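One structure is given here, and the rest of the page talks about it.
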Amino acid sequence: MKYIKILVIAIIFISIQSCETNVDASELIDQQQLVVINGYLSPQEELLKVQVSKTVSITSGTSGIVIEDATVILSDEENNEVMLTYSSELFSYVTPATNLPIIAGKKYFLSVDVDGEEYTSSCRIPEDKVENIEQSVRFSPISFSTESALKVTIGDIENISNYYIVGASFNDGSNVYFEFEQFITDTNRENTTVTANGFFFPNDTTDVVLKIQVSNSEKILYDTLRATFLNDYNEGNPFVESIIPPSNIEGENGFGVFAGYQLTEMEFNL
């Protein structure tokens, strides 16, 4: 089963979302069509985006169909609200973030109307974002076809449980692959440093600029992206059961995630 095609990271990185959402509805609702809604809010994003689609069981041969005529409204605790408009380029409902500033620690509300049926949700933006990121790169001395290594060290946000997602890339176009280690939580080791180890295949080693991205996310977003990664990673393995991602969308046959995160980006000249 696949749900939300996202590269956080690149995330988160959130900045990259697919135009389709595939859900095996037979595992969730008895062959009923789902209205799948996904929206992620961050103070660091310049565009607010919500994706709305309909999906039925993959076994029927039908994947996500984007809904273009929904009514999508975002609001805050002070009853400020903005209606999003559909973008055929982004396959999402969008509005500039200046129309509804996203502020750390604040709660936001989502309302979506699809054919007279209302779907609602809410999220709270994490108070803090990561402030301290360190890195250690080891370029392979053999050849560019041999993987090189990157270690990312994150200064933990203290006195609260945090859910981090890590991504990185180079200015030569090569990406860093963290696999399972892109998902980090400090629930068992608060107030310390946490690390993620990745590998990459460099195209060049001169004038290298490394960009590292770390999101501090709400738990439901962390759990969703982690489940998506594990389902994709284990696809075709008959000995591993698919994980059904969580959902906080209220409404008949509604499914998806509306969540907040804080994003930190740092560049390093190597």
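Bear in mind that the values here come from a model prediction, so they are computed numbers and not experimental data.
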Is the backbone N or O of [Y] less than 3.5 Å from a side-chain atom of [X], with the two atoms forming a donor-acceptor pair by type?
X    : Y    : result
S174 : F170 : no
R124 : G105 : yes
D156 : E158 : no
N171 : V209 : yes
T224 : Y222 : no
E117 : V114 : no
D113 : E118 : no

Tell me, do [X] and [Y] make a side-chain contact under 4.5 Å, heavy atoms counted?
X    : Y    : result
I154 : I184 : yes
V52  : V36  : no
P43  : I125 : yes
V214 : I133 : yes
F268 : I212 : yes
N269 : V208 : no
L270 : V137 : yes
S161 : T185 : no

*Are F178 and F200 an aromatic pair by the rule of ring centers under 6.0 Å?*
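Not close enough - the centres of the two rings lie 6.0 Å or further apart.
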
*Apply salt bridge (Lys or Arg N to Asp or Glu O under 4.0 Å) to D115 and list each qualifying residue two or more places apart in sequence or on a separate chain.*
K54

_All salt bridge (Lys or Arg N to Asp or Glu O under 4.0 Å) counterparts of K151, not counting sequence neighbours_ = none

Closest heavy-atom contact between [X] and [Y]?
X    : Y    : answer
A168 : L210 : CB-CD1, 4.1 Å
L221 : A259 : CB-CB, 3.8 Å
P126 : Q262 : O-NE2, 3.0 Å
I157 : N162 : O-ND2, 2.8 Å
F255 : P246 : CZ-O, 4.4 Å
Y119 : E252 : OH-O, 2.9 Å

Looking at [atom1] of [X] and [atom2] of [Y], how far apart are the two atoms once the value is rounded to the nearest 0.5 Å?
X    : Y    : atom1 : atom2 : answer
S217 : F183 : OG    : CZ    : 9.5 Å
F109 : S122 : CZ    : OG    : 6.0 Å
N231 : E235 : CG    : CD    : 9.0 Å
L34  : T55  : CG    : OG1   : 6.5 Å
S121 : L110 : OG    : CG    : 6.5 Å
S42  : L47  : OG    : CG    : 12.0 Å

*After noting the C-alpha distance and the side-chain angles of I102 and K106, does the key distance pass the side-chain contact (heavy atoms from CB on, under 4.5 Å) rule?*
CA-CA 8 Å; I102 305 302; K106 297 294 184 180; over 6 Å; no

*Considering residues, nucleotides and ligands other than E241, do more than 12 of their heavy atoms fall under 6.0 Å from its CD?*
no

Which pairs would a plain distance check flag for residues 70-83, meaning a side-chain donor or acceptor within less than 3.5 Å of a matching protein atom at least two apart in sequence or in another chain?
unit_1	atom_1	unit_2	atom_2	d
D76	OD1	E78	N	3.0
D76	OD1	N79	N	3.1
D76	OD1	N80	N	2.9
D76	OD1	N80	ND2	3.4
D76	OD2	N80	ND2	3.0
E77	OE1	K107	N	3.3

*Qualifying residue for side-chain hydrogen bond (donor to acceptor under 3.5 Å, both in side chains) with Y261, from E45, E218, K129, Q44*: E45

*Without hydrogens or angle criteria, can the side chains of T264 and Q213 be said to hold a donor-acceptor pair below 3.5 Å?*
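Distance-only check fails for T264 and Q213.
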
*I65 and S53: side-chain contact (heavy atoms from CB on, under 4.5 Å), yes or no, with the steps?*
CA-CA 5 Å; I65 302 173; S53 63; 5.9 Å; no

*Would you check, one step at a time, whether the test side-chain contact (heavy atoms from CB on, under 4.5 Å) holds for N197 with L150?*
CA-CA 6 Å; N197 293 286; L150 169 66; over 6 Å; no

_Checking T195 against V152 for the side-chain contact (heavy atoms from CB on, under 4.5 Å) test, could you report, in this order, the C-alpha distance in whole Å, the side-chain angles of both residues, the deciding distance, and whether it holds?_
CA-CA 5 Å; T195 61; V152 176; over 6 Å; no

*Of all residues at least two apart in sequence or in a different chain, which pass the side-chain contact (heavy atoms from CB on, under 4.5 Å) check with E250?*
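For E250, the residues satisfying side-chain contact (heavy atoms from CB on, under 4.5 Å) (neighbours in sequence not counted) are T120.
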
_Sequence-distant partners of Y93, ring pair (Phe, Tyr, Trp, His ring centres under 6.0 Å), two or more places apart_ = Y86

*Can you sort out the partners of F180 under ring pair (Phe, Tyr, Trp, His ring centres under 6.0 Å), two or more places apart, ordered by chain and number?*
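Residues passing ring pair (Phe, Tyr, Trp, His ring centres under 6.0 Å) with F180: F229, Y233.
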
